Amino acid sequence: MEKFTVHTGLVIPLDRSNVDTDAIIPKQYLKSIQRTGFGPTLFDDWRYLEPGEPGMDHSKRTPNPDFVLNAPRFAGASVLLARENFGCGSSREHAVWALTDYGIRAVIAPSYADIFFNNSFKNGLLPLTLPAEVIDQLFVEAQATEGYQLTVNLAEQQVVTPSGAAFAFSIDDFRKYCLLNGLDDIGLTLQHADDIRVYEAKRQQTAPWLF
Amino acid sequence: MNFIYSYGNVILCASIMSEGLVVAGKTLYDKVWDAHVVRQEADGTALLYIDRHLVHEVTSPQAFEGLRLAQRQPWRVNSMVAVPDHNVPTIGLEHGITDPVARLQVETLDANCRDFGITEFNIGDIRQGIVHVIGPEQGATLPGMTVVCGDSHTSTHGAFGALAHGIGTSEVEHVMATQCLIQKKMKNMLISVDGKVGAGVTAKDIVLAIIGEIGTAGGTGYAIEFGGEAIRDLSMEGRMTVCNMAIEGGARAGMIAVDDTTINYVKGRPYSPKAEDWEAAVAAWQDLHSDVDAVFDRVMRLDAASIQPQVTWGTSPEMVLPVDGKTPDPAKESDPVKASGIRAALKYMGLEANTPITDVQVDKVFIGSCTNSRIEDIRAAAAVAKGRKVAANVKLAMVVPGSGLVKQQAESEGLDKIFIEAGFEWRAPGCSMCLAMNADRLEPGERCASTSNRNFEGRQGQGGRTHLVSPAMAAAAAVTGHFADVRTL
């Protein structure tokens, strides 16, 4: 997994609440057996005027000029500013893969759906939470200022604006540690393989029907 | 003695023990959680043991690939049951899967299961069907288990007093490799549906009404226990419908206490415990309920008698109306964010404000999905369809049973003939038009009465318009051509 330490990037404001994972990556692209290649179809239904199917050359489709992702000033953005309950709905990790494949490294929103939130950490994508009034302010600034960038400092747990204003965010110690070091948590869990075997042996005695 | 403290929507019940210590009882979620903690870290993170891992073709290929790349083996293959469902065609199965991309995904699951020795119910096997239908049907879901699957509707299995939730593909790989998940404990919410529902009001109406109350993010961070007389009155099929949609209220897990209804359902199924194991299991399962003095972080009560048949009008499951309701008017909404949400949803759905929902005509009807494709659902729809005809303006009304065994049972009761006679199509099992990964989908602008669980934009096909309803209400829409109160047909 790619490490996340400090990231400074262009901010793209997606001003909608309850953005669901069906919207982030529509179902027809879930037929892929790969983890990569989802970037061109991120937000597919909103992003293009024609319906999309797997295997198309998406660069030949017509971008929807009204969708924020297609505005030239947001090209190359890597910090997604979003509204409450971002990532609700389906558990598809393809939603996170689409965001990271597009180049998003951090999402900033007032709240997330639980499964999307979990999935993000497994892929080096930092979903951080700031209070709704701070988010409102960031939306105003990002929309008003061309080239608006934010710096996300994970070690310091801070988001810093171009004017130097800093907003603290919280994160679980374990998740922070894994992201900072780019650690595969399967390897970490397997360090406790003996504990798992002890648990299993005990459980097999008390609830043999589960094995 | 017991005290009940009530503050806002928080009710705390605590037992005062003779020594003066306050020791709260445990919730059902607390009990199942506690029984599965392998390790507890200081920051609240726990390693949680997983008893049952259900696998399907869409969210597993990258996990199997990850195992291979790291040269790892599954920790315990007999904890896993696999089935293709999302991509499976519901018609023309004799030709196989014609979509090459979908076919490769199903073949990849077949190959992975073969290579790692995992039990799979392949296409053509009578046991094949929607993963959340076949788990309980086979007895692979048992009370008190932890159950995971790379699918958000895994909450369904909580109907058995199991702790069941959806996970992403990285966690699928993690569970395959370690039999554990790294988790933080969720908070406890109780939703009590008190009293009895009226005639014609089903589990689907109960859960839609709940989501209308708490909103799509109302349960975020919680495990929801559904309780109260109206929940206890439900069959296992109904309880699965309720828990299935916990995720639409934001809660990864929904749970219902174990009682005789649960135990009678589980008994004698292929994966259920046998002989002396059965006796021991049933004895252990008696404890799978919240203690009377359990502490919930949030409690919500609903009067069952006030619930009417429900119809969603918008693009989120919380946008729901009783059948005698009208679409909302954004001009009457004081919160500007909510008003713009209503405007956007009305526009996408092609509806005007203040429209009685029963005036809205439908183009297609879908009866199926992990929410409503079990035998009781099929029977409820058939009871409405019997002796009636699909309305002329309805282009397609389809019934997709949840599994080969549900299909077989329905056919043995003659339900397929009732549907065909009425003009419905009777299809083969799979996820079908719930998410439209196969050929079953809406065309842009088409409106569907659907017994599925999500009415998001484009969910059933790009530009498609989904209204969520119960099976009986879907059948009523099919035969009248518009949403109609099934109680007055």
Side-chain angles (χ1 to χ4, degrees), chain A residues 16-18 20-23 26-28 30-35 44-46 51-52 54-55 83-85 88-94 96-97 111-116 118-119 122-123 172-175 184-190 192-193 195-196 198-200 203 206-211, chain B residues 38-39 41 43-45 47 49 51 58-59 61-62 65 70 72 75 78 86-87 99 101-102 104-105 108 142 144-145 150-152 166-171 173-174 177-180 182 184 216-217 220-221 250 252 273 277-278 280-281 284 316 337 341 435-437 454 456-459 462:
Chain A
R16 285 179 82 127
S17 53
N18 299 313
D20 59 74
T21 53
D22 274 82
K27 81 283 283 170
Q28 62 268 35
L30 310 188
K31 294 173 191 172
S32 168
I33 57 170
Q34 313 291 324
R35 260 174 211 267
D44 199 77
D45 283 0
W46 295 339
R83 294 292 188 185
E84 59 271 11
N85 201 28
C88 61
S90 155
S91 65
R92 57 188 71 168
E93 198 160 315
H94 313 66
V96 175
W97 299 335
S111 60
Y112 299 89
D114 287 337
I115 304 177
F116 173 85
N118 273 334
N119 289 343
K122 314 289 182 189
N123 294 278
D172 291 345
D173 292 346
F174 179 73
R175 284 177 162 150
D184 159 15
D185 56 11
I186 294 178
L188 292 174
T189 297
L190 286 174
H192 305 303
D195 290 341
I196 303 170
V198 167
Y199 172 89
E200 269 184 335
R203 189 84 172 146
T206 56
W209 59 88
L210 293 175
F211 291 86
Chain B
V38 172
R39 273 180 69 90
E41 306 298 339
D43 74 342
T45 308
L47 205 55
Y49 190 81
D51 297 314
V58 178
T59 57
Q62 297 88 350
E65 182 199 22
R72 289 176 175 134
W75 183 278
N78 74 353
H86 285 61
N87 279 294
D99 172 354
V101 191
L104 175 64
Q105 196 167 51
T108 302
L142 294 174
M145 270 185 163
D151 189 282
S152 61
I167 54 178
T169 298
S170 293
E171 290 189 319
E173 184 183 341
H174 193 281
T178 71
Q179 210 59 41
C180 292
I182 300 170
K184 265 198 153 175
T216 51
T220 303
R252 282 199 299 161
D277 269 356
W278 173 256
S316 163
V337 177
L435 87 166
M437 273 189 80
R454 289 193 174 127
F456 298 156
E457 288 184 19
R459 171 78 178 181
Q462 198 185 31

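For clarity, every value in this text was computed on a predicted model and none was experimentally measured. First the proteins, then the strands, lettered A, B, ... as listed; each starts at 1.
Using modelled atom types, one side-chain atom of A/E93 and one backbone atom of B/S170 make a donor-acceptor pair closer than 3.5 Å. Checking side-chain atoms of B/Q105 against main-chain N and O of A/L30 turns up a donor-acceptor pair under 3.5 Å. Between the A/K31 side chain and the B/M437 main chain, a donor and an acceptor come within less than 3.5 Å of each other. Without hydrogens or angle criteria, A/D114 side chain to B/G221 main chain gives a donor-acceptor distance under 3.5 Å.
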Yes or no on side chain to side chain contact (heavy atoms under 4.5 Å, CB included) for B/R454 and A/S90, after CA distance, side-chain angles and deciding distance? CA-CA 9 Å; B/R454 289 193 174 127; A/S90 155; 3.5 Å; yes

Is there a side chain to side chain contact (heavy atoms under 4.5 Å, CB included) between B/Q62 and A/W97? Walk through the geometry before answering. CA-CA 11 Å; B/Q62 297 88 350; A/W97 299 335; 3.6 Å; yes

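Of the atoms belonging to A/R203, it is side-chain heavy atoms, and not backbone ones, that fall under 4.5 Å from chain B. Residue contact with chain A, scored on non-hydrogen atoms closer than 4.5 Å, involves the backbone and the side chain of B/E173 alike. Using a 4.5 Å cut-off between heavy atoms, B/L142 contacts chain A through its side chain alone, with no backbone atom that close. For A/D195, the parts sitting under 4.5 Å from any heavy atom of chain B are the backbone and the side chain alike. Residue A/P26 does not touch chain B at all, counting heavy-atom pairs closer than 4.5 Å. Proximity to chain B involves both the backbone and the side chain of A/D185, based on heavy atoms less than 4.5 angstrom apart. With a 4.5 angstrom heavy-atom cutoff, B/W75 touches chain A only via side-chain atoms. For a residue to count as touching a neighbouring chain, one of its non-hydrogen atoms must lie under 4.5 Å from one of that chain's; by this rule A/F116 does not touch chain B. Using a 4.5 Å cut-off between heavy atoms, B/D277 touches chain A through backbone and side chain atoms alike. Only the side chain of A/R16 has a heavy atom closer than 4.5 Å to any heavy atom of chain B. When heavy atoms are compared at a cutoff of 4.5 Å, A/D45 approaches chain B by way of both its backbone and its side chain. Contact annotation for B/A284: only side-chain heavy atoms (C-beta onward) come within less than 4.5 Å of a heavy atom of chain A. For A/D173, the parts lying under 4.5 angstrom from a heavy atom of chain B are both the backbone and the side chain.
Shown here are the ring-ring contact (aromatic ring centres under 6.0 Å, His included) partners of B/F456, two or more places apart in sequence or in another chain: there are none. B/H86 pairs by the ring-ring contact (aromatic ring centres under 6.0 Å, His included) definition with B/H56, not counting sequence neighbours.
Once rounded to the nearest 0.5 Å, the distance linking CD of B/E65 with CD1 of A/I33 reads 8.0 Å. Taken from CD in A/E84 to OG1 in B/T220, the straight-line distance is 11.0 Å, to the nearest 0.5 Å. In this structure, CG in B/D99 is found 11.0 Å from CD in A/Q28, a value given to the nearest 0.5 Å. In this structure, B/T45 OG1 and A/F174 CZ are separated by 6.5 Å, a value rounded to the nearest 0.5 Å. In this structure, SG on B/C180 lies 9.0 Å from CG on A/L190, to the nearest 0.5 angstrom. Note that the CG atom of A/N118 and the CD1 atom of B/I167 stand 10.0 Å from one another [nearest 0.5 Å].
Put simply, the side chain of B/E457 does not reach to within 4.5 Å of the side chain of A/D22, judged on heavy atoms. Within the 4.5 Å cutoff, the side chain of A/C88 has no heavy atoms near those of the B/T216 side chain. You'll find the side chain of A/H192 stays beyond 4.5 Å of the side chain of B/V38, heavy atoms only. Put simply, the side chain of B/Q179 reaches to within 4.5 Å of the side chain of A/E200, judged on heavy atoms.
Of the residues considered (A/L210, A/N85, A/D20), A/D20 shows the highest number of contacts with chain B, using heavy-atom pairs under 4.5 Å. With chain A as the partner, the residue from B/S316, B/A281, B/G458, B/P61 showing the most heavy-atom pairs under 4.5 Å is B/A281. Interface summary for chain B: among A/S111, A/A193, A/G52, the most heavy-atom pairs under 4.5 angstrom belong to A/A193. For the options A/A113, A/G89, A/A207, heavy-atom pairs under 4.5 Å to chain B are most numerous at A/G89. Here A/I115 is the residue among A/D44, A/V96, A/N119, A/I115 with the most heavy-atom pairs under 4.5 Å with chain B. In terms of non-hydrogen atom pairs under 4.5 Å with chain B, the most contact-rich of A/F211, A/Y112, A/Y199, A/W46 is A/Y199. Between chain A and the residues B/G168, B/G166, B/G250, the most heavy-atom pairs under 4.5 angstrom are made by B/G168.
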